[in-house]
Amino acid sequence: MALMNKEQIMEIIPHRDPFLLIDTIEEMEPGQRVVATKFMNEDEFWFKGHFPGYPVVPGVLMLEMLAQAGAVAMLALPENKGKIGLFGGVKEAKFRRQVVPGDLLRLEVEIIKVKGPIGVGKALATVNGEKAVSAEITFAIK
């Protein structure tokens with residue numbers, strides 16, 4: 001059973017449909033780590049154009065999904081209530097597997113460094129235990 005559903009996620013981060021790109025929070029230690037999920041419905045808005053006849057989740061959207069998961073972990077801290085997380089950078093992004101309709105993407109982010117409003121997360125997205133995306137994401141809390 002999920003720790004948080006979409007409605008509970010929306011109480012922490014400001015993202016809304018169609019750009020709220022995570023479905024559930026499965027595990028979380030605020031300010032430390034998070035595990036979220038996103039089920040790839042065949043009617044997701046990006047599949048119409050990426051690519052007709054061969055639907056694949058855009059890599060940049062998977063990075064956004066990881067960033068939103070990380071934002072939940074950071075913005076769940078009482079001192080960050082009501083703030084937003086902004087992308088500061090992406091390092092070492094590697095795309096290892098296509099993600100397609102019907103896949104369940106597991107999004108894991110471990111916060112490895114925080115200095116003031118700036119932080120860094122080690123991010124990994126998998127499908128059935130198989131790596132899809134890995135990256136180091138930098139964020140700013142505003």
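From a predicted model like this one, the values you see are computed outputs, not experimental measurements.
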Heavy-atom closest contact (K94 atom, R96 atom, distance): CD-NH2, 3.1 Å

CD of E108 to CG of L105: how many Å apart, nearest 0.5 Å? 10.0 Å

Contacts under 3.5 angstrom, residues 60-86 side chains, donor-acceptor by atom type, not counting sequence neighbours:
from, atom 1, to, atom 2, distance (Å)
E64, OE2, Q68, NE2, 2.9
Q68, OE1, L21, N, 2.8
Q68, NE2, F19, O, 2.9
N80, ND2, M74, O, 2.9

Same cluster (ILVMFWY, side-chain, under 4.5 Å), L107 and I112: no

Positive for side-chain contact (heavy atoms from CB on, under 4.5 Å) with V34, one of E110, M28, M4: M28

The side-chain contact (heavy atoms from CB on, under 4.5 Å) partners of E11 (sequence neighbours excluded) come to none

Given the rule that I, L, V, M, F, W and Y join up when any side-chain heavy atoms are under 4.5 Å apart, are V35 and I111 in one cluster? no

Linking I/L/V/M/F/W/Y whenever their side-chain heavy atoms sit closer than 4.5 Å, directly or via other members, would M40 and F45 fall into one cluster? yes

Name every donor-acceptor pair, under 3.5 Å, that has one atom in a side chain of residues 123-142 and the other anywhere in the protein, sequence neighbours excluded.
none

Looking at residues at least two apart in the chain, or sitting in another chain, which of them share a side-chain contact (heavy atoms from CB on, under 4.5 Å) with D43? N41

Does some side-chain heavy atom of H15 sit less than 4.5 Å from a side-chain heavy atom of M10? no

Electrostatic pair K6-D17, nearest N-O below 4.0 angstrom: yes

Side chain to side chain donor-acceptor pair (under 3.5 Å) pairs touching residues 22-32, sequence neighbours excluded, are T24-E26, T24-T37, E27-R33

Does I13 share a hydrophobic cluster with L3, counting links as ILVMFWY side-chain heavy atoms below 4.5 Å and allowing steps through other members? yes

Anything under 3.5 Å between a donor and an acceptor, one on a side chain of residues 47-58, the other on a protein residue two or more places apart or in another chain? List them.
from, atom 1, to, atom 2, distance (Å)
H50, ND1, V56, O, 2.7
Y54, OH, Q98, OE1, 2.8
Y54, OH, Q98, NE2, 3.4

